[in-house]
Number of protein chains: 2
Amino acid sequence: MAHAPAASDGTAIFEQAEHDHAHCVDQALHVAEAICTREGARLTPLRRQVLELVWRSHEPIGAYDVLARLQREVQTDGTDGRPAAPPTVYRALDFLLKHGLVHRIESLNAYVGCAHPQQDHSGQFLICQECGNAAEIEDDTISKAIRDNARRIGFTVDRVTVEVSGRCPRCTGAPHA
Amino acid sequence: MAHAPAASDGTAIFEQAEHDHAHCVDQALHVAEAICTREGARLTPLRRQVLELVWRSHEPIGAYDVLARLQREVQTDGTDGRPAAPPTVYRALDFLLKHGLVHRIESLNAYVGCAHPQQDHSGQFLICQECGNAAEIEDDTISKAIRDNARRIGFTVDRVTVEVSGRCPRCTGAPHA
DNA sequence: TCAGGTAATGTTATAAAGTAACGCATGACT
DNA sequence: AGTCATGCGTTACTTTATAACATTACCTGA
Ligand SMILES: [Zn+2]
Ligand SMILES: [Zn+2]
Ligand SMILES: [Zn+2]
Ligand SMILES: [Zn+2]
């Protein structure tokens, strides 16, 4: 519910309750392939599958949850899930992180598909404590305020983590439409 | 080096290399006592000791490091360190967090003394990847940008995490003014 | 001053998250 | 084909965090 497919303009982010998420996933995978091709990176079946599992989850998902699903998954060819161990998943996630295809939510120890992997950005997230959804925003005012502050102090920015916990509009008591 | 005693104005934060940190610690403990008294909270010897250990560390410190030091510490009465186990430390840290006396740095799984525990605030941190120091800033432009964004989306903010990784001026090679 | 409750701490065990190290397999490149 | 680098399987382990229950310290009102 959280991953607004094309909505990078806040307002719609938490409102798409019943969208066709399978479509989001498909699209994300296609974009990921394009990006990897462009960057000369190999989106192997395993990595692809992990990315798909992360995207399929409507909420940020922990590495061990990914692992469990990976093991449960039945391959398209009929064979059963991979005999995966933690390093398998962590390596795939590291790859996906490196190429900006997923983000890690530090305050949850969890991972989520990047909503706009084209641009270079650290993620900014609004995380609902009630429904668990995390909406990725990319507000330039926030980024700029942080950069300005760092520059003033002489601090060289590498990675920026912005995670806002609270309640999404749907869970705030507002009866959802 | 990081905990600027009274400096809440960015510029000085990373520059106080050789300050009297023992003084910072003392002051922090006094302020903590005042706050706990005011709030009717009990800053027990254990909690006080944990707070002191966190403050003594110049860098954000992990719970298990606190634990180790707690066990090593020799009490003023001559008795040896406490027979502490993880829950002991985590409970103390939870207490300190609840009362705003320390912050947790999510991206490091570590804790750091709050530089200005008077005000109600989530922490914003600039974390040097080289020297490990973390400077707490409190920039209203950042806070406001985040609040505005949330309000626009209808998101109710509970806790805000801002953690900026990079290099402090002292570690950037830039000769500090 | 002593029951009786509540809050704090001790204690044991276990869960959850993450990584090191090694070897084989696969694929890219010559 | 041979060689090198990358990806992945596997084992074992480390680090971080919590659950559950026992015990102790502290307060408060008979
Ligand atoms: Zn993103
Ligand atoms: Zn919600
Ligand atoms: Zn603070
Ligand atoms: Zn530094």
Trainee: Just the rounded figure in Å: distance from C1' of C:dA16 to CD1 of A:Ile105.
Mentor: 18 Å
Trainee: Would you kindly give the CG-to-P distance between B:Leu108 and D:dA17, to the nearest whole Å?
Mentor: 11 Å
Trainee: Taking the six-membered ring for Trp, are B:His19 and B:His21 parallel (under 30°), tilted (30 to 60°) or perpendicular (over 60°)?
Mentor: perpendicular
Trainee: Does B:Glu39 come within less than 4.0 Å of B:Lys98, counting only side-chain N to carboxylate O?
Mentor: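 Here B:Glu39 does not pair with B:Lys98 in a salt bridge, since their nearest N and O are not under 4.0 Å apart.
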Trainee: Find the distance A:Arg48:CZ to D:dC8:C1' and express it as a whole number of Å.
Mentor: 19 Å
Trainee: For D:dC8, does either OP1 or OP2 sit under 4.0 Å from a side-chain N or O belonging to A:Thr88?
Mentor: no
Trainee: Look at all strands and tell whether A:Pro87 reaches a base, only sugar-phosphate, or nothing, counting heavy atoms closer than 4.0 Å.
Mentor: base
Trainee: Is A:Arg151 salt-bridged to A:Asp148, cutoff N-O under 4.0 Å?
Mentor: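 Yes.
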Trainee: Distance check needed: C:dA17 P versus B:Glu106 CD, whole Å only.
Mentor: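 Whole-Å distance recorded here is 13 Å.
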Trainee: Within the pair A:Arg47 and D:dG7, is there a side-chain N or O less than 4.0 Å away from OP1 or OP2?
Mentor: yes
Trainee: Which sits closer to the 5' end of DNA chain C, B:Pro45 or A:Tyr64, going by the nucleotide each is nearest to?
Mentor: B:Pro45
Trainee: Could you state the atom-to-atom distance from CG of B:Leu96 to P of C:dA8 in whole Å?
Mentor: 12 Å
Trainee: Between D:dT11, C:dG18, C:dT9, which one does the side chain of B:Thr44 approach most closely?
Mentor: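 Comparing D:dT11, C:dG18, C:dT9 against the side chain of B:Thr44, the answer is C:dT9.
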Trainee: Could you tell me the separation between the OG atom of A:Ser165 and the CZ atom of B:Phe155, rounded to the nearest 0.5 Å?
Mentor: 7.0 Å
Trainee: Is any N or O donor-acceptor pair between the side chain of A:Tyr90 and the base of C:dA17 shorter than 3.5 Å?
Mentor: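 Side chain to base: no pair present.
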Trainee: When the distance from NE2 of A:His99 to P of D:dT6 is rounded to whole Å, what number comes out?
Mentor: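 About 12 Å, once rounded to whole Å.
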Trainee: Can you tell me whether the side chain of A:Arg91 and the base of C:dG18 have a donor-acceptor pair closer than 3.5 Å?
Mentor: no
Trainee: Rounded to whole angstroms, how far apart are CG on A:Leu46 and C1' on D:dT6?
Mentor: 13 Å
Trainee: For the pair made of CD in B:Gln49 and P in C:dA8, what is the distance, rounded to whole Å?
Mentor: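 Rounding to the nearest Å, CD of B:Gln49 and P of C:dA8 are 17 Å apart.
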Trainee: Checking contacts here: which listed nucleotide (C:dT19, D:dT16, D:dC26) is nearest the side-chain heavy atoms of B:Arg42?
Mentor: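 Minimum distance to the B:Arg42 side chain belongs to D:dC26.
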Trainee: Please confirm whether the backbone N or O of B:Leu97 pairs with a side-chain atom of B:Arg104, one donor and one acceptor, at under 3.5 Å?
Mentor: no
Trainee: C:dG18, D:dA17, C:dT12: which one has an atom nearest the side-chain heavy atoms of B:Asn109?
Mentor: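 Among the listed nucleotides, the one closest to the side chain of B:Asn109 is D:dA17.
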